[in-house]
Amino acid sequence: MIGDPIKHSISPQIHTAFAKSSGQNITYTKLRVRPADFAVKVKDLLGLGVKGMNITLPLKELAFAFANKLSPRAKFAGAVNTFKIEQGMVYGDNTDGIGLIRDITQNLKADITDKKILLLGAGGAAKGIIKPLLEEAPEVLHIANRTISKAIELKNQAKVYNNVSASGFAAVSDKFDFIINATSASVNHAVPPISAKVIDKNTVCYDLMYSKEPTSFLLWAQQHGAKITTDGLGMLVEKAAESFYLWRKIRPATQDLLLKLRK
Ligand code: NDP
């Protein structure tokens, strides 16, 4: 796993647990890599014979440019979080979106199809999740962002799907079945300035950020009566499982690990 900062990453813990539970002999470690050193460090790692890498902030776009071949979901996202190395070729994938979808559909047992979804944010994480979300065929996907032009840009990128709209936060007042916070507002204990009218007693509120305590967005959602509120720990574990599958063709069990990490 490479990124900067990297100290906080629990990915080695997750992949070591996957390897143990699935009987795979792997070594997974984390390394701080600054953007300016990306190409040199990755070439060094390839020279050492690594079989795969996870790439996190702020290196995902650099990884996208570096890959020899890309998955369709990485192409759409313009960002890569997983490398698989085969015969010297670097295959780039993006498992963020499928991680979110698996957490919602399998862990939360919620269905996105025909539902109204509000996506807050239009940064890197939003770009990674929008295609997998749209492939679940929601009735509507509305993107709201602080910088409106970025929300519109993302909507235009998804124009083959005809159920996508975009705006700033102030223009949003309809009720939604799912509200997915893909902004980084919770990092600073802030909440995107949207009307509480978007929530009713059936709304699922999902914050991509995860932390020991409920995030500011999830506290806000609870105060306004959301049915389910959850953070992005499940997404983290599920996207790791998808990377593991790409490398080893084995899908590791995630439930026990997720429970353990929550504790
Ligand atoms: P980016 O920096 O690429 O994008 C940040 C987004 O948040 C932009 O849309 C930005 O709006 C918006 N934003 C920032 N501050 C505020 C604020 N105070 N109010 C409203 N909007 C705000 O970050 P990422 O997309 O990479 O990450 C977003 C979040 O997702 C982070 O919290 C990250 O930890 C989490 N994440 C979780 C993952 C998981 O596996 N659980 C995976 C990836 C990300 P603007 O465009 O106007 O600047």
Could you tell me the separation between the [atom1] atom of [X] and the [atom2] atom of [Y], rounded to the nearest 0.5 Å?
X	Y	atom1	atom2	result
S186	N181	OG	CG	5.0 Å
N145	F169	CG	CZ	5.5 Å
L45	T29	CG	OG1	10.0 Å
N94	L70	CG	CG	10.0 Å
R248	F18	CZ	CZ	13.5 Å
E153	I148	CD	CD1	13.5 Å

Are the side chain of [X] and the backbone of [Y] linked by a donor-acceptor contact shorter than 3.5 Å?
X	Y	result
N188	A190	no
K41	F38	no
N163	P138	yes
T147	S149	no
K30	S9	yes
K84	L246	yes
D4	V33	no
T203	D200	yes
W220	T215	no
S167	A144	no

If you count heavy atoms of other groups shown closer than 6.0 angstrom to [atom1] of [X], is the number above 12?
X	atom1	answer
K69	NZ	no
E135	CD	yes
D256	CG	no
K116	NZ	no
H8	NE2	yes
R34	CZ	no

With the side chain counted from C-beta on, respond yes when [X] and [Y] share a heavy-atom pair under 4.5 Å apart, and no when they do not.
X	Y	result
D174	H142	no
L59	P35	yes
L218	T230	no
Y210	R262	no
F76	I130	yes
I104	F178	yes
L208	Y206	yes
T254	L258	no

Looking at R73 and E242, does any basic side-chain N land under 4.0 Å from a carboxylate oxygen?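 Salt bridge between R73 and E242, a charged N being under 4.0 Å from a carboxylate O: yes.
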
Is K227 paired with D177 through a side-chain N to carboxylate O contact shorter than 4.0 Å? no

In terms of hydrophobic clusters joined by side-chain contacts under 4.5 Å, are [X] and [Y] together?
X	Y	value
L261	L259	no
L120	I129	no
F176	F217	yes
L119	I152	no
I6	I14	yes

Please give me the minimum heavy-atom distance between [X] and [Y], naming the atom from each residue.
X	Y	result
A74	G92	CB-O, 3.7 Å
E61	A79	OE2-CB, 4.5 Å
M235	D103	N-OD2, 3.6 Å
I199	C205	CD1-SG, 4.1 Å
I250	S22	CG2-CB, 3.9 Å
M53	I55	O-CD1, 3.9 Å

Test side-chain contact (heavy atoms from CB on, under 4.5 Å) applied to I180 and V204, L118, L100, the passing residue: L100

Audit row: I98, R102, side chain to side chain contact (heavy atoms under 4.5 Å, CB included) steps and yes/no: CA-CA 6 Å; I98 192 71; R102 292 233 170 87; 3.8 Å; yes

Show your working on side chain to side chain contact (heavy atoms under 4.5 Å, CB included) between I10 and M1 and close with a plain yes or no. CA-CA 10 Å; I10 58 168; M1 161 69 93; over 6 Å; no

Could you check whether S71 and D93, counting side-chain N and O atoms only, form a donor-acceptor pair closer than 3.5 Å?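 Distance-only check passes for D93 and S71.
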
Only one of N54, T56, T95 forms a side chain to side chain donor-acceptor pair (under 3.5 Å) with N81, so which one is it? T95

Would I143 and V164 count as a side chain to side chain contact (heavy atoms under 4.5 Å, CB included) if you check the C-alpha gap in whole Å, the side-chain angles of each, and the deciding distance to 0.1 Å? CA-CA 8 Å; I143 309 162; V164 187; 3.8 Å; yes

Tell me, with the steps shown, if D96 and K60 meet side chain to side chain contact (heavy atoms under 4.5 Å, CB included). CA-CA 11 Å; D96 280 345; K60 291 184 186 181; 2.9 Å; yes

Please verify the inter-ring angle class for H15 with Y28; under 30° counts as parallel, over 60° as perpendicular, anything in between as tilted.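 Parallel.
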
Could you check whether K249 makes a cation-pi contact with Y245, meaning its NZ or CZ is under 6.0 Å from the centre of the six-membered ring and within 45° of the ring axis?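 Output yes; distance and angle both within limits.
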
